[in-house]
Trainee: 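Below: one structure in structure tokens.
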Amino acid sequence: MLQVVIVCGTSASGKSSISESLSQILTTQSHSSTYLDADDFHPASNKQKMSNGIPLTDEDRFPWLNSICEHITSLSTSQPQLKFVILACSALKKIYRDQFRTIKSDSINVKFACLIVPYEVLELRLKNRKNHFFDGKLLKSQLDTFETPVDDELLDTMLVNIDQDDSVPVAEITTGIVNWILQ
């Protein structure tokens with residue numbers, strides 16, 4: 001069965017770093033895995049909006065999310081030896097996470113590791129980020145949009161609280177997520 005682990009949260013929450021580390025750890029443990037960054041699936045129009053400080057709408061996001069779901073589904077059939085897909089994706093709202101849940105089947109399982117990071121930490125990380133299309137002015141919009149998983153979502157979601165700026169090493173966070181997905 002293909003395990004899809006979506007590391008989600010706002011911009012600068014650490015999704016990419018943690019996802020890449022997660023994929024590397026699983027691979028070194030002899031689990032076939034691949035890392036995907038949802039940003040790579042954004043059409044140019046979405047990237048242009050974000051770089052101009054314009055928040056994406058649901059209408060912007062749904063085709064983007066669909067293309068990611070289609071890609072993951074195709075990986076499950078084209079690479080049957082693949083055991084894990086690790087995806088870094090904002091997935092800010094329950095309806096976006098539910099879109100990923102639609103690909104669950106007898107051969108695909110979906111889990112989420114949701115990164116919860118305070119505004120001040122995110123803001124500092126964005127100020128230090130270079131060469132990224134995301135306009136830091138959109139952070140407030142992302143935080144306003146973000147819906148913390150609750151209730152039935154907690155059945156397939158791990159909440160990861162990152163309370164301080166980079167004081168908890170990525171390896172420590174990743175190890176906790178690996179232990180959760182392998183249980």
Side-chain angles (χ1 to χ4, degrees), residues 1-27 29-39 41 56 58 61-77 79-119 121-122 142-164 168-183:
M1 174 176 284
L2 179 63
Q3 298 286 334
V4 179
V5 180
I6 301 163
V7 180
C8 60
T10 64
S11 186
S13 62
K15 297 180 302 287
S16 297
S17 299
I18 291 169
S19 295
E20 286 181 272
S21 177
L22 186 56
S23 183
Q24 290 170 358
I25 287 172
L26 289 166
T27 299
Q29 293 181 356
S30 300
H31 301 287
S32 175
S33 74
T34 191
Y35 162 72
L36 302 174
D37 191 321
D39 286 346
F41 292 83
L56 297 181
D58 288 350
R61 290 181 186 275
F62 283 123
W64 165 64
L65 294 170
N66 276 336
S67 69
I68 299 168
C69 288
E70 288 170 3
H71 183 74
I72 292 170
T73 301
S74 74
L75 286 175
S76 74
T77 55
Q79 298 183 36
Q81 78 288 357
L82 191 62
K83 299 298 179 206
F84 290 94
V85 170
I86 310 301
L87 173 67
C89 180
S90 54
L92 297 172
K93 291 183 176 182
K94 181 181 186 304
I95 57 172
Y96 306 153
R97 295 186 293 271
D98 285 346
Q99 192 159 357
F100 287 114
R101 289 181 178 101
T102 66
I103 65 172
K104 283 186 180 182
S105 67
D106 291 340
S107 59
I108 300 175
N109 189 36
V110 178
K111 288 186 172 188
F112 299 87
C114 188
L115 308 178
I116 313 292
V117 184
Y119 175 81
V121 173
L122 296 169
Q142 278 202 337
L143 288 167
D144 290 344
T145 301
F146 180 68
E147 297 171 357
T148 303
V150 294
D151 302 327
D152 64 326
E153 278 199 282
L154 296 176
L155 297 173
D156 63 8
T157 303
M158 175 184 192
L159 299 179
V160 181
N161 290 301
I162 303 172
D163 294 329
Q164 298 173 4
V168 179
V170 168
E172 185 178 324
I173 295 166
T174 305
T175 299
I177 296 170
V178 166
N179 292 338
W180 173 68
I181 62 175
L182 293 178
Q183 63 181 346

Trainee: For Gln24, check side chain to side chain contact (heavy atoms under 4.5 Å, CB included) against everything at least two apart and list the hits.
Mentor: none
Trainee: Can you name the ring pair (Phe, Tyr, Trp, His ring centres under 6.0 Å) partners of Phe84, sequence neighbours left out?
Mentor: His31
Trainee: Between Arg97 and Leu92, what is the shortest heavy-atom contact and its length?
Mentor: NH1-O, 3.2 Å
Trainee: Any sub-3.5 Å donor-acceptor pair from Ser17's side-chain atoms to Gly14's backbone N or O?
Mentor: no
Trainee: Would you give the length of the straight line joining atom OG of Ser90 to atom CG of Asp39, rounded to the nearest 0.5 angstrom?
Mentor: 7.5 Å
Trainee: Show every donor-acceptor pair shorter than 3.5 Å between a side-chain atom in residues 101-117 and any protein atom, with sequence neighbours excluded, or say none if there are none.
Mentor:
| residue | atom | partner | partner atom | Å |
| --- | --- | --- | --- | --- |
| Arg101 | NE | Asp156 | OD2 | 2.8 |
| Arg101 | NH1 | Asp98 | OD1 | 2.8 |
| Arg101 | NH1 | Glu153 | OE2 | 3.2 |
| Arg101 | NH2 | Glu153 | OE2 | 3.2 |
| Arg101 | NH2 | Asp156 | OD1 | 2.9 |
| Thr102 | OG1 | Gln99 | O | 2.6 |
| Lys104 | NZ | Asp156 | OD2 | 3.3 |
| Ser105 | OG | Ser107 | N | 3.1 |
| Ser105 | OG | Ser107 | OG | 3.3 |
| Ser105 | OG | Ile108 | N | 3.2 |
| Asn109 | ND2 | Gln3 | OE1 | 3.1 |

Trainee: Could you go through the side-chain contact (heavy atoms from CB on, under 4.5 Å) check for Thr10 and Thr145 one step at a time?
Mentor: CA-CA 9 Å; Thr10 64; Thr145 301; over 6 Å; no
Trainee: Which atom pair, heavy atoms only, marks the closest approach of Leu65 to Cys89?
Mentor: CD2-SG, 4.2 Å
Trainee: Checking side-chain contact (heavy atoms from CB on, under 4.5 Å) for the pair Leu143/Leu122: CA distance, chi angles, key distance, verdict?
Mentor: CA-CA 10 Å; Leu143 288 167; Leu122 296 169; 4.0 Å; yes
Trainee: Residues two or more places apart in sequence or in another chain: which of them pass ring pair (Phe, Tyr, Trp, His ring centres under 6.0 Å) with Phe62?
Mentor: Tyr96
Trainee: Side-chain atoms of residues 176-183: list all donor-acceptor pairs with protein atoms under 3.5 Å, sequence neighbours left out, distances to 0.1 Å.
Mentor:
| residue | atom | partner | partner atom | Å |
| --- | --- | --- | --- | --- |
| Asn179 | ND2 | Thr175 | O | 3.3 |
| Gln183 | NE2 | Trp180 | O | 3.4 |

Trainee: Start with the C-alpha distance between Leu36 and Ile68, add both sets of side-chain angles, then the distance that settles side-chain contact (heavy atoms from CB on, under 4.5 Å), and finish with yes or no.
Mentor: CA-CA 9 Å; Leu36 302 174; Ile68 299 168; 5.5 Å; no
Trainee: According to side chain to side chain contact (heavy atoms under 4.5 Å, CB included), who are the partners of Glu70, at least two apart in sequence or on a separate chain?
Mentor: none
